[in-house]
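Notes for the one structure printed next.
Below, chain A is the first sequence line, B the second, and so on; all start at residue 1.
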Amino acid sequence: MTDYAAIIPIVIVALSGTAAMLAEAFRQPGERMPIAGLGLIGLAGAALASVFLWDSDARSFGVIRSDNFALFINLILCVIGVLTMLFSNEVVEREQLPAGEYYALTLYGICGMMMMAAADDLLIIFLALEVLSLSVYVLTGLRRASEASAEAAFKYFLLGSFSSAFFLYGVAFAFAISGSTRLDQIGVALSAQGAGTPPTLALLAVGLLAVGFAFKVSAVPFHMWTPDAYEGAPTIVTAFMSTGVKAAAFAAFVRVFLSPLEPLQAQWVPILSAVAGVTMILGTVVGVAQTNIKRMLAYSSIAHAGYLLIGLISNSPTNGAGKAAVLFYLLTYAVTNLGALGIVALLGTLQNQHDELRDFAGLWKSRPVLAGLMTVFLLSLGGLPPTAGFIAKWYIFTAAVQEGHYWLAIIGVLTSVVSVFFYLRIVVMMYMTEGTETPRPRVPATAMAGLALATAAVFYLGVLPTRILDLALASIATIF
Amino acid sequence: MVTMLLLIPLLPFAGFLVNAFVGKRLSKSVSGGLACAVMLAAFGVSVLSVWTMLGAEPRALRVDLGMWLASGDLQVPFVLRLDPLSAVMILVVTGIGSLIHIYSVGYMHEEPDSEYARYFSYLNLFASFMLILVLGANFPVMFVGWEGVGLCSYLLIGFWFTKQSAADAGKKAFIVNRIGNLGFILGMLLIFVTFGSLDFQDVAARAAARAAEPAAFGMLSAEAVMTIATLLLFLGAAGKSAQIPLHVWLPDAMEGPTPVSALIHAATMVTAGVYLIGRNAVLFSHAPFTLAVVAAIGVATALMAGTIGLVQNDIKRVLAYSTVSQLGYMFLAMGVGAYAAGIFHLYTHAFFKALLFLGSGAVIHALAGEQDLRNMGGLKKHLPITYWTFLIGALAIAGVPLLSGFFSKDEILFRTFSSGHTFLWLIGVITSLLTATYMFRLVFLAFHGERRHDAHDGDHPEEEEPVRHIAHVMASPAPAHGAHGGHRHGLHDAPPSMAIPLIVLAIGSIVAGYVGVPHALGGANHIETFLEPSFEIEANREREFTAAGFSPISSIQATAPQHERAPTTETHAPAADERTELMLMGLSSGIAVAGIGIAAYFSLRRRDAADALAHRFHGLYRLLCNKYYVDELYEAVIVQPIKLLSTGGLWKGVDAGFIDGTVNGVGLTVRTGSGALRRLQTGSIRTYAASLFLGVVLILGYYLLRY
């Protein structure tokens, strides 16, 4: 008897996505419908279901596994979804995005992400990857009138397909050595090899799977699509995909590399270390030279992928809380980056995206609260105490030091010190530059609630991180 | 009861919240009054806490707010701890901080309401972080304050951001401090991996217990680890406290409002580096090499800044170089192991340097923004309160006997001499001659002689231009200010809100030194005995570690004397020592007087002689005027290459060549009609795919060749 429990959160979100699509179909032209509300209901349901499923380790069809790890990621994704929905209402209307498509695709994208975190089989991971990618490709190009948007979507799509091919190739090699695509079977086959040099097929599988994941998390040298896609997409979509895709992709990355591929750790650590180092350096250095905020945050997102990779590399069964560092970092990054990009999105209009550095000049004068919140998010991205970003980086770097990856820790500290420079450029713009009195749109109460939520999370995680860290620890313990 | 410690940083933080969020709607008297009130309240609570601490045995209060960062074997609780060292610091921060807040009420009065509230919100936030910095019981908590004060200082330097120089100065301060922070973080990580703790007391005890270990971390012996870690921490300290080679930001930081210069860039934040070393005195004592570096850098900075101070013409810049120079003295003290003497000087310096800055602020205020000494003169009769208080500050810093600076500076010089660092002592003495000279050059040029301000009015329009600009920035209703400070009524001395802090600080500058009257003068040097426990391992911890037998060799080490401390020599040959000390004191008194005499000769009697001298030693004069060309050197060696690298090298080469070109080119190509497909042909997506493919080749190639 197949147990359906494990897929309940995914199904709930999928249903709300379908409802959003239907609502759009029945909408009279010009009629206003609170479609975001449907999404909120679905996400709240999924979050509730995830809470109830905690510790149950439910499985469905043998390939979907709702262990605590998947559920923790589910909760992060629900936070991302809820914040996105709260920011969307006004923005979608103002930018004249097609509402039905937007909400349905966002919710289906979240389904794919949840599935990716819960998949226990390489093929299902691939399927989930495609589900979320297709949604995101279309969302990127949703501003049909915009040339930049169309081009970004197209580039993202082409490169995404290219990388998917590598990933699939890796799945094939994995199947070749173990005769299965199930993660547990692959793990059994690999540990049966014992010590000594692993077979070439296994190494090829590791390398190609790493490429597939590295593309999705935008690690160097697979990052090229990121700045274009982030800049070209509608800002609200950038906010959603920069956090959601990263969380889902890292979830699968961590699950595959720490569970079945754990026996090959000695082989993949050097590769990923090199990637992490280059990623941090390039993301930071190039970020310094940017003048467009979305592009700057794209490079920042690349750099953060590097820090997250350190967390993955520095994982070891004995290393207490260091294990949970990746999950904690994902949550931190989600609320922080969504907050920052959310503010950019909320200030944009159809005519003016409000995403150039100079657009932020004098924001403190005209919108003191938004400027204050933006400062909090930027400081958190830069890792300054007492925000969540500081704690997250702290855990990652101490884990790296404890595991002996001193160079990565040093590069990490160095680049995060430099990165504060470009985050603070925005702060300087807001507080220390006279702005031209550009009319800025009103920010609705729902969006303010979302920002308040994100700010509260940034400070909560920064000041009292232990509870969440314990949860993260409990959840990663189920896979590793 | 001890939870009142929490209130100390929380009170100014509450002030910050109110002024930051509703400050715009408050009137000036409310937002300024509130900011002062929370500081005074924090001062009150500080006094109470210190009083409570004095009654406790051992003398320390701890407030544990529970676990903050827990990761495996690393447990970092959020703990505030008050001990003698932090007691001195919180009294300075809240006490002098309150006075500077009160002074600001008058000084910033011309600002518009919203700017006024912004100013006080930053100032309160700064105080809050500074208090966390000094009360934190472990490195991460201290780091919260460390980063926070840096941020506030940055915002306050750039407060008048419409002035390009102010914005630049803010940026410079920020970047230089980043380099220092890097040292702080790396030092902290190294300490953690070696000693497994970040609590100051734990680290001290473990450092002492394991000092003799041959392999504490990898191949490094414990001593090597401690040397590296303390050098890294010192890099952080040098950044914050403007020591060579990171001293370049502090003089530029004078672009901020003058009360900010007094509070942050003289009395409190810049001393955080000295405090950091004092806090980790045990660790530094086990790293003799680092101590030597600290002493050498300190004395070199003192000398260098002192010489530059001789030729500067901006009143605040003279004071800024003086601050750098005095901080050098404090590091000298730290470096020769005279921690108490260094902190003593930190404490007296806070009084007289805050006084001097506030006095210079009163001058600038009266002259509607004028900062150039060449345009002052004869202010003595117009600004009597400012003059007399300023004079007291100058006498104190010059080291004239019986004022506070005399006791503390002398203590440092004596300790340097008695610990056998004769050469360092000699430079210290030369520097104190320079101190007296540049300080009194300033006093004579500004307050004595004839007024030169009006004479220049018509003659040098190019010199007046920046002045008017500053005046405009300072006071938006410029005409009102002009009339106020201007020509009809003559010059106005400081209004009460500015005069009272000046008077209180002047009294402080006289009497503050009497807590540390040396034995040679029949005193008891209370401050040294008071501070001593902070520089040693906590009594119960020492037992804990030796009893647990951390390692057999180390238990001997831990009980052995930490280093050649001066007090031990004192007990050996008190009489001879006191004789030396008295002799040295006589010498430095003479030097102070000589310095004042030199200044009087060149600035009052024979100004032409000064010019002739400058002319004769033209090269040297230019060298000093240009601050030894350090800024230019950094610009050429560091700034330009980095700029090239990030805009022309890495960025252009790796990414921008295809990436940033595309975004700007996008519109063009798409508009030509063939949509995104056409873009494909032009190469960018091919380069993207090539990069991806290159990555694949590298990874798989590595595997295939390696295995």
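- Within the 4.5 angstrom heavy-atom criterion, no atom of B/I132 approaches chain A.
- Between B/R178 and B/E147 there is a salt bridge, with a side-chain nitrogen of the basic residue lying less than 4.0 Å from a carboxylate oxygen of the acidic one.
- Looking at B/I699, the atoms closer than 4.5 Å to chain A (heavy atoms on both sides) sit in the backbone and in the side chain alike.
- Heavy-atom distances place both the backbone and the side chain of B/L155 under 4.5 Å from chain A.
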Exercise for review: Run the numbers on B/Q75 and B/W68 for side chain to side chain donor-acceptor pair (under 3.5 Å), then give the verdict.
Suggested key: CA-CA 8 Å; B/Q75 308 286 323; B/W68 180 39; over 6 Å; no
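- Between the side chain of A/K155 and the backbone N or O of B/Y688 there is no donor-acceptor pair closer than 3.5 Å.
- Ring pair B/Y119/B/F159 is perpendicular by interplanar angle, where above 60° counts as perpendicular and below 30° as parallel.
- Note on A/L204, A/L424, A/L464: by heavy-atom pairs under 4.5 Å with chain B, the leading option is A/L424.
- Heavy-atom pairs under 4.5 Å with chain A were tallied for B/Y154, B/F78, B/F693; the largest tally goes to B/Y154.
- For the ring-ring contact (aromatic ring centres under 6.0 Å, His included) test with A/Y137, the passing option among A/Y156, A/F154, A/W225 is A/Y156; the others fail.
- Neither the backbone nor the side chain of B/F184 comes within less than 4.5 Å of any heavy atom in chain A.
- For a residue to count as touching a neighbouring chain, one of its non-hydrogen atoms must lie under 4.5 Å from one of that chain's; by this rule A/L203 touches chain B with backbone and side chain alike.
- Of the atoms belonging to A/V401, heavy atoms from both backbone and side chain fall under 4.5 Å from chain B.
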Practice item. I would like to know whether A/F215 and A/F162 meet ring pair (Phe, Tyr, Trp, His ring centres under 6.0 Å); could you show each step before the answer? Key: CA-CA 10 Å; A/F215 178 85; A/F162 194 37; 8.9 Å; no
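- Here A/Y169 and A/F166 keep their ring centres 6.0 angstrom or further from each other.
- Looking only at distances, a side-chain donor or acceptor of B/S691 sits under 3.5 Å from a matching main-chain atom of A/P221.
- Neither the backbone nor the side chain of B/F21 comes within less than 4.5 Å of any heavy atom in chain A.
- Of the two parts of B/F143, the backbone and the side chain both hold a non-hydrogen atom closer than 4.5 Å to a non-hydrogen atom of chain A.
- Residue A/L208 touches chain B through both its backbone and its side chain, counting heavy-atom pairs closer than 4.5 Å.
- There is no contact between A/S146 and chain B, counting heavy-atom distances below 4.5 Å.
- The shortest side-chain heavy-atom distance between A/Y395 and A/L469 falls under the 4.5 Å cut-off.
- Residue contact with chain B, scored on non-hydrogen atoms closer than 4.5 Å, is absent for A/V220.
- With a 4.5 Å cut-off on non-hydrogen atoms, B/L65 does not touch chain A at all.
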